[in-house]
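Sequence positions, counted from 1, serve as the residue numbers for this chain. Note that the coordinates shown come from a computational prediction; the quantities given were computed from them, not determined experimentally.
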Amino acid sequence: METKNENSDVSRAEEMKNQANEAFKGHRFSQAIDLYTQAIEINGNNAVYWANRAFAHTKLEEYGSAIQDASKAIEIDSRYSKGYYRRGAAYLAMGKFKDALKDFQQVKRICPNDPDATRKLKECEKAVKKLKFEEAISAPVSERISVAESIDFHTIEVESQYSGARIEGEEVTIDFVKQMLEDFKNQKTLHKRYAYQIVLQTRKILQALPSLVDISVPNGKHFTVCGDVHGQFYDLLNIFELNGLPSEENPYLFNGDFVDRGSFSVEIILTLFAFKCMSPTSIYLARGNHESKSMNKIYGFEGEVRSKLSEKFVELFAEVFCYLPLAHVINEKIFVVHGGLFSVDGVKLSDIRAIDRFCEPPEEGLMCELLWSDPQPLPGRGPSKRGVGLSFGGDVTKRFLEDNNLDLVVRSHEVKDEGYEVDHDGKLITVFSAPNYCDQMGNKGAFIRFEAPDMKPNIVTFTAVPHPDVKPMAYASNFMRMFN
């Protein structure tokens, strides 16, 4: 009788796995995770279920959870190559090249004749070698010279045959920005002289800002908050089509992750920076976890900048990203941050203002948590499914708001099917503005409009628009393209 029950359990678990595989093929990754979880609950000793769930977590950028699941698959069957493969891929996605290298070496030992394993191992070895070289030649932080200080855009000649948008003198005007947008729409490039001018002027504006910026919206006026746009330039144009261009009368806050993954990140960042130069209070910009060297190296922005502009621009953007503020407070009531809240209670707005943000994001502490953390449905705190930052519950949100006399947290950082999600008894909203993320998620995008004085969130959703046939991650490092 026991054998019959066992066979029945095995069959039920396999049926759940097959349903999960179908959901995965349809890019319904959250549903796939739920179904793999049901299979694991019936039969937790099947390494395949754990490795498959790890793969689904990877697709949702939940790399910490992917590493845990892949490690469990390896624990069940130490000769199961896909366990090492999935864990190695998750380590790669987090920029942990040395850990990834160990896993791909193990895949190669188990499958010595697998050409795919050989190729990935070689790419990983190259990445680790490059990383060691960069570490060896890098100067200590205290000795680093500002690349911005070495650039004088006035000395760069604009060739007579250049037919694109031009900045006359020192001032970025709306006419210039509109012409630049039209050029970008038609896949034309901006002259490097003007690109330097925009980035350097933006640096000067950002440098003067505190780490936490206060925004005041007068009665009768409105304010729009957008989430991640991730290099999806044509969807950004659609936001402006739906909601108007940034101006003093129509101000925006873009809440981080402007770049990476989408292959029009240069167009996005120059557009947002140009509006900042044109009118600093028309647009506010917050740092996301992807405004960092480690992410840009992996997810395409660095390669795209090198291809469309130059190596010097790679260094310049890395420097300017360190000047981006970490959070905003609107009308003393709405706290807007890219990632989320903290591993400790009692954090005050004054603590955020006091953060020295002029650096690459650290792997722990307040700055890291602002950029990386995610909400969870359960109360309290838990480990991050991403492997960086933490997960925080509604009680954590409630205490933070009460401690700081705030009403609402708005954050981004996570793709949502409807472009947004309301959590924590309405006290926290996630907004994500990159529809059909990476050309495969099928999600809507969203933005939030607030109107003073009541400042109630009015959420507008929209779908993806067509873009030229340049795939997401087109400029990403070789090993990341192998996994996409």
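The closest side-chain heavy-atom distance from Asp423 to Pro377 is not below 4.5 Å. For the pair Tyr475 and Ser263, the minimum side-chain heavy-atom distance is below 4.5 Å. Taking 4.5 Å as the limit, some side-chain heavy atom of Leu190 sits within range of a side-chain heavy atom of Ile198. Ile74 is not listed as a side-chain neighbour of Tyr80, based on a closest heavy-atom distance of 4.5 Å or more. In this structure, the side chains of Ile298 and Phe97 come closer than 4.5 Å at one or more pairs of heavy atoms. Leu285 places a side-chain heavy atom less than 4.5 Å from the side chain of Leu324. Using a 4.5 Å heavy-atom cutoff, the side chains of Phe29 and Gln440 are in contact.
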key: Val388 and Cys368: CA distance, side-chain angles, deciding distance, side chain to side chain contact (heavy atoms under 4.5 Å, CB included) verdict   = CA-CA 8 Å; Val388 189; Cys368 169; 3.7 Å; yes
request  = Please assess Ser343 against Glu369 for the test side chain to side chain donor-acceptor pair (under 3.5 Å), listing each intermediate value before the final yes or no.
outcome  = CA-CA 8 Å; Ser343 54; Glu369 290 161 4; 2.7 Å; yes
request  = Carefully, step by step, assess Arg287 and Cys322 under the rule side chain to side chain contact (heavy atoms under 4.5 Å, CB included).
outcome  = CA-CA 8 Å; Arg287 193 173 193 174; Cys322 293; 3.7 Å; yes
ask   = Is there a side chain to side chain contact (heavy atoms under 4.5 Å, CB included) between Thr224 and Val460 once you walk through the steps?
value = CA-CA 10 Å; Thr224 301; Val460 179; over 6 Å; no
task = Take Thr430 and Asp374, measure what side chain to side chain contact (heavy atoms under 4.5 Å, CB included) needs, and give me the verdict at the end.
result = CA-CA 9 Å; Thr430 298; Asp374 295 295; over 6 Å; no
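Judged as a side-chain contact (heavy atoms from CB on, under 4.5 Å), and not counting sequence neighbours, the contacts of Gln187 are Tyr234, Phe264, Pro468, Val470.
Checked by atom type and distance alone, the side chain of Glu291 pairs as donor or acceptor with a backbone atom of Gly288 at under 3.5 Å. No donor-acceptor pair closer than 3.5 Å links the side chain of His328 to the backbone N or O of Ala286. Under a 3.5 Å cut-off, the side chain of Trp50 and the backbone N or O of Gln68 do not form any donor-acceptor pair. Under a 3.5 Å cut-off, the side chain of Ser373 and the backbone N or O of Gly340 do not form any donor-acceptor pair. The main-chain N or O of Pro435 is found under 3.5 Å from a side-chain atom of Gln232 such that the two form a donor-acceptor pair. Judged purely by atom type and a 3.5 angstrom limit, Asn404 uses its side chain to pair as donor or acceptor with the backbone of Phe400. A donor-acceptor pair under 3.5 Å is absent between the side-chain atoms of Asn436 and the main chain of Lys444, judged by distance alone. For Ser265 (side chain) and Gly262 (main-chain N/O), a donor-acceptor pair under 3.5 Å exists by modelled atom type. Not one N or O on the side chain of Tyr63 forms a donor-acceptor pair closer than 3.5 Å with the backbone of Arg87.
In summary, the side chains of Thr461 and Glu418 do not present any donor paired with an acceptor at a separation below 3.5 Å, with no hydrogens or angles considered. Counting only N and O atoms by type, the side chains of Arg386 and His57 include no donor and acceptor under 3.5 Å apart. With no hydrogens or angles considered, a side-chain donor-acceptor pair links Arg261 and Tyr437 at under 3.5 Å. In this structure, a donor-acceptor pair under 3.5 Å is absent between the side chains of Tyr284 and Lys276. Judged purely by distance below 3.5 Å, without hydrogens or angles, the side chains of Asp395 and His424 never pair a donor atom with an acceptor atom. A donor-acceptor contact closer than 3.5 angstrom links the side chains of Glu14 and Tyr49. Side-chain N/O atoms of Thr118 and Lys108 include a donor and acceptor closer than 3.5 Å. No hydrogens or angles considered: nothing links the side chains of Arg353 and Ser211 as a donor-acceptor pair under 3.5 Å. For the residue pair Asn296/His290, the side-chain donor-acceptor check at 3.5 Å is not satisfied. Side-chain contact of Arg381 with Ser391: a donor-acceptor pair under 3.5 Å is absent, judged by distance alone. With 3.5 Å as the limit, one finds a donor-acceptor pair spanning the side chains of His338 and Asp257. No side-chain donor-acceptor contact under 3.5 Å links Arg411 and Asn255.
Under the 4.0 Å criterion applied to side-chain N and carboxylate O atoms, Glu123 and Lys120 are not assigned as salt-bridge partners. The pair Glu414-Lys385 meets the salt-bridge criterion, with a side-chain N (NZ, NE, NH1 or NH2) lying under 4.0 Å from an Asp/Glu carboxylate O. Here Lys308 pairs with Glu267 in a salt bridge; the nearest charged N to carboxylate O distance falls below 4.0 Å. In this structure, Arg203 pairs ionically with Glu319, as a charged nitrogen and a carboxylate oxygen lie closer than 4.0 Å. Between Glu125 and Lys122 no salt bridge is recorded (no basic side-chain N to carboxylate O distance below 4.0 Å). Here Asp69 does not pair with Lys72 in a salt bridge; the nearest charged N to carboxylate O distance is not below 4.0 Å.
Across all non-hydrogen atoms, the minimal contact from Val431 to Ala446 is CG2-O, 3.4 Å. When all heavy atoms are compared, the tightest approach of Leu92 to Cys124 is CD2-SG, 4.0 Å. When every heavy atom of Lys17 is checked against every heavy atom of Ala39, the shortest pair comes out as N-CB, 4.1 Å. When every heavy atom of Ile330 is checked against every heavy atom of Val336, the shortest pair comes out as CD1-CG2, 3.8 Å. Considering all non-hydrogen atoms of both residues, Val213 and Leu209 come closest at CG2-CB, 4.3 Å. Considering every non-hydrogen atom in both Leu326 and Ile355, the closest pair reads CD1-CG2, 3.7 Å.
Here the SG-CG distance, from Cys111 to Asp116, works out to 10.0 Å after rounding to the nearest 0.5 Å. One finds the CG atom of Asp183 at 12.0 Å from the CG atom of Leu270 (value rounded to the nearest 0.5 Å). Between Ile33 atom CD1 and Phe24 atom CZ the span is 9.5 Å, to the nearest 0.5 Å. Note: Cys226 SG to Phe432 CZ = 12.5 Å, rounded to the nearest 0.5 Å. Interatomic distance, Phe335 CZ to Leu401 CG, rounded to the nearest 0.5 Å: 9.5 Å. Atom CD1 in Ile448 sits 5.0 Å away from atom CD1 in Ile459 (nearest 0.5 Å).
Surrounding CD of Glu363 are at most 12 heavy atoms belonging to other residues, nucleotides or ligands under 6.0 Å away. Enclosure of atom CG in Asp417 is not indicated, since only 12 or fewer non-hydrogen atoms of other residues, nucleotides or ligands lie within 6.0 angstrom. Atom CG of Asn186 is surrounded by more than 12 heavy atoms from other residues, nucleotides or ligands within 6.0 Å.
Both the sub-6.0 Å distance and the 45° axial angle are satisfied by Arg86 relative to the ring of Phe55.
Ring geometry for Phe184 versus Phe233: interplanar angle over 60°, hence perpendicular rather than tilted (30 to 60°). The aromatic rings of Phe254 and Tyr252 sit parallel, their planes meeting at an angle under 30°, below the 60° perpendicular limit.
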